[in-house]
Amino acid sequence: MASIHLPRTIRIGGGVLAELPAVLAQNGLSRPLIVTDGWIESSGLLARVQDLLAKAGIAARAFTGVVPDPTVASVEAGCAFLAEGDHDCVIGLGGGSPIDSAKMIAVKGTRRIADLKAPHQEDAPALPIVAIPTTAGTGSEATRFTVITDADTDEKMLCAGLAYLPSFALCDFELTLTKPARLTADTGIDSLVHAVEAYVSKQANPFADSMALNAMRLIWPNLPLACQDPGNRAAREALMLGALQGGIAFSNSSVALVHGMSRPIGAHFHVSHGLSNAMLMPVVTQWSAPAALPRYADCARAMGVADAAESDQSAVGRLIEALHQINADLAVPSPAAYGIDKARWDELLPLMAEQALASGSPGNNPRVPGLEEIVGLYLAAWAH
Ligand SMILES: [Fe+2]
C-alpha cells in the first residue's frame with residue numbers, strides 16, 4: 001500500500017512560464033504574492049513575471065528577501081510582508097530557497113516554525129502554493145517538505161505535510177539555460193540523490209520507484225552535458241524533468257541517510273545542500289549497499305553504469321566507483337578540501353549525528369545506523 005500526493009497541475013516545457021496567468025485564472029486565483037530572492041530580481045526574471053501578470057490584469061507584490069538556506073528570520077519577514085497585503089496564493093519563484101520559503105510563508109500563520117518541524121505533520125490546507133523552479137535540482141516544486149534553518153542553533157529544520165505540497169508547478173527548462181556550472185552540478189547531484197534514496201528507502205513503493213528510476217535515467221547522462229555546455233537545451237530539458245521526478249519520488253517515498261547527514265553539514269558549515277549530499281553519497285552508499293544490494297544494483301543499471309547481465313555485487317561496485325568519479329569530474333571537494341576546520345568538525349560530530357538521527361531520515365535507510373555509526377561515516381567522508 002502507498003499513499004501518493006501530487007500537485008494538482010504540473011505544466012512542463014520550454015516557455016511554459018507564459019502560462020502562469022492561465023493557471024491562476026483556471027483556479028480562480030488573482031492576488032498572488034511572489035516570493036523570490038535578490039538574484040532573481042537582478043536577473044530580470046521577477047520583472048518578467050510581474051509584466052506577464054500585469055498583462056493579465058494582476059498587480060503582483062513581490063517579497064525579495066529570501067536568503068540561501070532560508071532562516072526563521074527571513075521567513076518571518078516574508079510572513080509580515082504577506083500580512084500587509086491581501087493575497088489568495090503564494091508563488092515561489094527561483095531555486096529551492098525561494099520555493100521552500102514560499103511554502104512556509106503560505107502555511108505558517110502566527111505559529112513558531114520550531115513547532116512545525118518533524119515529526120510534526122502539517123496537513124491542513126493553507127494558501128495555495130505555485131512553484132516555478134529555476135534550478136533543476138531540489139524537486140521542491142512537487143514535494144510535501146520544506147527546510148528552514150534555525151540560525152540560533154544552526155539546525156536545518158525539516159517540516160513535512162501536505163500543506164507544503166504546491167498545488168501548481170510550472171517547470172520551464174528555459175529558465176535554467178543560464179545556470180552556472182557549479183550550481184548545475186550541485187543541484188543536479190541533489191536530484192540524483194533524491195532518486196537513489198527514494199528507491200532504496202524503506203518507504204519505497206512501485207509508484208515512487210517508477211519516478212525514481214526514470215529520474216536516474218535522465219539525470220546521470222545529462223548532468224555532465226549541461227555542466228559542459230550550459231545552453232544544451234536537450235540536457236536542460238532532461239534535467240528539469242529528472243529533478244521533478246526525483247522530487248515526486250522522494251515526496252512519495254522518502255529520502256534517507258545521505259540527506260539526514262547532509263543537513264547538519266549545511267547548517268553548521270554553510271555548505272550548499274547539493275554539495276554536502278555529494279560529499280556523503282559515495283561513503284554512505286558503500287556502507288548501506290549490503291543491506292539492499294538488488295535495489296542499489298537497479299540504480300546502477302538505470303544510470304547506465306552497469307549492464308543488465310552483471311551480477312548485483314558487480315553492479316553495486318560500479319555504482320560506488322561511478323559516484324566517486326562523478327564527484328571528481330564535477331570538482332566536488334571533500335569536507336577537508338572544502339576548507340572546513342578539522343577541530344570544529346570533530347567537536348561538532350556528536351551533535352551533527354544527533355541532529356541527523358532526530359530528522360528521521362536515517363530511519364528510512366536500508367541499513368539503519370546508530371549514533372556512533374553516523375559519527376564513523378562523517379569521519380570516513382572527511383577526506384574522501
Ligand atoms: Fe535534497
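Side-chain atoms are counted along with the backbone in the values below, which use heavy atoms only and exclude waters and symmetry mates. Numbers for residues simply follow the sequence, beginning at 1.
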Undergrad: Strictly by modelled atom types, are Asp69 and Thr149 linked by a side-chain donor-acceptor pair under 3.5 Å?
TA: no
Undergrad: Using the salt bridge (charged side-chain N to carboxylate O under 4.0 Å, His left out) criterion, which residues pair with Arg48? Sequence neighbours excluded.
TA: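 Arg48 satisfies salt bridge (charged side-chain N to carboxylate O under 4.0 Å, His left out) with no other residue.
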Undergrad: Glu122 and side-chain contact (heavy atoms from CB on, under 4.5 Å): which partner among Arg111, Lys103, Arg144?
TA: Arg111
Undergrad: Around atom CZ of Arg367, are there more than 12 heavy atoms from other residues, nucleotides or ligands closer than 6.0 Å?
TA: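 Yes, because the 6.0 Å sphere around CZ of Arg367 holds more than 12 heavy atoms from other groups.
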Undergrad: Tell me the closest heavy-atom pair linking Cys299 and Val200, and the distance in Å.
TA: SG-CG1, 4.4 Å
Undergrad: Restricting to non-hydrogen atoms, name the atom on Pro264 and the atom on Met261 that form the minimum distance, rounded to 0.1 Å.
TA: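 It is CD-O, 3.3 Å.
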Undergrad: Which heavy atom of Leu218 sits nearest to which heavy atom of Gly242, and what is that distance?
TA: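 In this case the closest contact between Leu218 and Gly242 is CD1-N, 3.7 Å.
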Undergrad: What residues, two or more places apart in sequence or in another chain, satisfy salt bridge (charged side-chain N to carboxylate O under 4.0 Å, His left out) together with Asp115?
TA: Arg112
Undergrad: Would you say the side chain of Leu379 lies within less than 4.5 Å of the side chain of Leu377, judging by non-hydrogen atoms?
TA: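 No, their side chains stay 4.5 Å or more apart.
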Undergrad: Quick one: do Val66 and Ile105 end up in the same hydrophobic cluster if we chain Ile, Leu, Val, Met, Phe, Trp and Tyr together by side-chain heavy atoms under 4.5 Å apart?
TA: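 Val66 clusters together with Ile105.
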Undergrad: Answer yes if the side chains of Arg263 and Ser361 hold a donor-acceptor pair under 3.5 Å, and no otherwise.
TA: yes
Undergrad: Please determine whether the number of non-hydrogen atoms from other residues, nucleotides or ligands lying under 6.0 Å from atom CD of Gln313 exceeds 12.
TA: no
Undergrad: Using modelled atom types and a 3.5 Å cut-off, is there a donor and acceptor pairing between side-chain atoms of Thr71 and backbone atoms of Ser74?
TA: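 Checking the backbone N and O of Ser74 against the side chain of Thr71, a donor-acceptor pair under 3.5 Å is found.
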Undergrad: Using a 4.5 Å cut-off on heavy atoms from C-beta on, say whether the side chain of Ile91 contacts that of Val35.
TA: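 They are not in side-chain contact.
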Undergrad: Any side-chain donor paired with an acceptor under 3.5 Å for His259 and Asp190?
TA: yes
Undergrad: Kindly determine whether Val130 and Val90 satisfy side-chain contact (heavy atoms from CB on, under 4.5 Å), including the steps that lead there.
TA: CA-CA 6 Å; Val130 184; Val90 179; over 6 Å; no
Undergrad: Contact between Asp100 and Thr138 at the side-chain level, heavy atoms closer than 4.5 Å - yes or no?
TA: no
Undergrad: Can you tell me how far apart CG (Leu24) and CD (Glu19) are? Round to the nearest 0.5 Å.
TA: 12.0 Å
Undergrad: Between atom CG of Leu239 and atom CG of Leu225, what is the distance when rounded to the nearest 0.5 Å?
TA: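 With rounding to 0.5 Å, CG (Leu239) is 8.5 Å from CG (Leu225).
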Undergrad: Does a side chain donor of either His87 or Arg61 reach within less than 3.5 Å of an acceptor in the other side chain?
TA: yes
Undergrad: Side chain of Ser314, backbone of Glu310: donor and acceptor closer than 3.5 Å?
TA: no
Undergrad: State whether the side chain of Arg217 and the backbone N or O of Ala212 hold a donor-acceptor pair below 3.5 Å, judged by distance alone.
TA: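 Judged by distance alone, no pair lies under 3.5 Å.
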Undergrad: Heavy-atom distance under 4.5 Å between the side chains of Pro224 and Pro221, does that happen here?
TA: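 A side-chain contact under 4.5 Å is absent here.
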Undergrad: Are side-chain heavy atoms of Pro70 and Ile148 found at a separation under 4.5 Å?
TA: yes
Undergrad: Are Asp298 and Asp209 close enough, and set up right, to give a side-chain contact (heavy atoms from CB on, under 4.5 Å), and what steps lead you there?
TA: CA-CA 10 Å; Asp298 286 346; Asp209 288 353; over 6 Å; no
Undergrad: Do the side chain of Glu197 and the main chain of Leu257 share a donor and acceptor less than 3.5 angstrom apart?
TA: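 Yes, Glu197 side chain to Leu257 backbone: donor-acceptor pair under 3.5 Å.
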Undergrad: Is any side-chain heavy atom of Leu82 closer than 4.5 Å to a side-chain heavy atom of Phe63?
TA: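 They are not in contact (no side-chain heavy atoms under 4.5 Å apart), so the answer is no.
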Undergrad: Establish, from distance only, whether the side-chain atoms of Asn364 and Ser201 form a donor-acceptor pair under 3.5 Å.
TA: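 No, Ser201 and Asn364 have no side-chain donor paired with an acceptor closer than 3.5 Å.
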Undergrad: Do you reckon Ile99 sits in the same ILVMFWY cluster as Val75, going by side-chain contacts under 4.5 Å, direct or chained?
TA: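 No, Ile99 does not connect to Val75 through the hydrophobic network.
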Undergrad: Just verifying a value: how many Å separate Leu6 CG and Ser167 OG, rounded to the nearest 0.5 Å?
TA: 12.0 Å
Undergrad: Same hydrophobic cluster for Phe269 and Leu280, using side-chain heavy-atom links shorter than 4.5 Å among ILVMFWY?
TA: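 Same hydrophobic cluster.
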Undergrad: Scan for ring-ring contact (aromatic ring centres under 6.0 Å, His included) pairs involving residues 216-252, sequence neighbours excluded, and state none if there are none.
TA: Phe145-Phe250, His194-Phe250
Undergrad: Could you check whether Arg295 makes a cation-pi contact with Tyr199, meaning its NZ or CZ is under 6.0 Å from the centre of the six-membered ring and within 45° of the ring axis?
TA: yes
Undergrad: Looking only at side chains, do Ser276 and Ser262 share a donor and an acceptor under 3.5 Å apart?
TA: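 Yes, because at least one side-chain N or O of Ser276 sits under 3.5 Å from a partner of the opposite role on Ser262.
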Undergrad: Can you check side-chain contact (heavy atoms from CB on, under 4.5 Å) on Leu45 and Thr134, steps first, answer last?
TA: CA-CA 10 Å; Leu45 180 59; Thr134 60; 3.6 Å; yes
Undergrad: Is it the case that the side chain of Asp123 and the backbone of Leu162 share a donor-acceptor pair, with hydrogens and angles ignored and the cut-off at 3.5 Å?
TA: yes
Undergrad: Quick check against the 3.5 Å criterion: does Asn365 have a side-chain atom that pairs as donor or acceptor with the backbone of Val368?
TA: no
Undergrad: Tell me whether Phe207 shares a hydrophobic cluster with Leu165, the cluster being built from Ile, Leu, Val, Met, Phe, Trp, Tyr side chains joined at under 4.5 Å.
TA: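 In one cluster: no.
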Undergrad: Okay, side chain of Ser251, backbone of Ile248: is any donor-acceptor separation there less than 3.5 Å?
TA: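 No; judged by distance alone, with no hydrogens or angles, the pair does not exist.
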Undergrad: Which atom names give the shortest non-hydrogen contact between Asp312 and Ala297, and what distance separates them?
TA: OD1-CB, 3.5 Å
Undergrad: Are the side chain of Thr36 and the backbone of Leu93 linked by a donor-acceptor contact shorter than 3.5 Å?
TA: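 Such a contact is found between Thr36 side chain and Leu93 backbone.
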Undergrad: Run the side-chain contact (heavy atoms from CB on, under 4.5 Å) test on Arg31 and Cys89 for me, step by step, so that the C-alpha distance in whole Å, both residues' side-chain angles and the decisive distance to 0.1 Å come before the verdict.
TA: CA-CA 7 Å; Arg31 304 188 308 279; Cys89 60; over 6 Å; no
Undergrad: Supply the atom-to-atom distance Met303 CE to Ile326 CD1, rounded to the nearest 0.5 angstrom.
TA: 7.0 Å
Undergrad: For Gln286 and Val283, indicate whether the former's side chain and the latter's backbone hold a donor-acceptor pair under 3.5 Å.
TA: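 Checking the backbone N and O of Val283 against the side chain of Gln286, no donor-acceptor pair under 3.5 Å is found.
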Undergrad: Keeping Arg236 on the side-chain end and Pro230 on the backbone end, is there a donor-acceptor pair under 3.5 Å?
TA: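 Answer holds: yes.
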Undergrad: Can you find a heavy atom in the side chain of Pro335 that is under 4.5 Å from one in the side chain of Lys342?
TA: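 SC-SC contact between Pro335 and Lys342 ruled out.
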Undergrad: Quick check: closest heavy atoms across Trp345 and Ile265, and the distance to 0.1 Å?
TA: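 Taking every non-hydrogen atom into account, CH2-CD1, 4.0 Å.
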Undergrad: To the closest 0.5 Å, what do you measure between CD (Gln228) and CG (Leu223)?
TA: 9.5 Å
Undergrad: Should Glu237 and Asn222 count as side-chain neighbours, where that means a heavy-atom distance under 4.5 Å?
TA: no
Undergrad: Rounded at 0.5 Å granularity, tell me how far SG in Cys79 sits from CD1 in Ile113.
TA: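 Rounded to the nearest 0.5 Å, the SG-CD1 separation comes to 6.5 Å.
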Undergrad: Do Leu158 and Leu116 belong together in a cluster built from hydrophobic side chains that touch within less than 4.5 Å?
TA: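 Cluster IDs for Leu158 and Leu116 differ.
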Undergrad: Of all the heavy-atom pairs spanning Leu53 and Ala60, show the shortest one and how long it is.
TA: CD1-CB, 3.7 Å
Undergrad: Using the rule given for side chain to side chain donor-acceptor pair (under 3.5 Å), can you reason through Ser272 versus Arg182, listing the C-alpha separation, both sets of side-chain angles and the distance that settles it, and then say yes or no?
TA: CA-CA 11 Å; Ser272 80; Arg182 181 75 265 151; over 6 Å; no
Undergrad: Decide whether Lys202 and Ser254 meet the rule of one side-chain donor and one side-chain acceptor closer than 3.5 Å.
TA: no
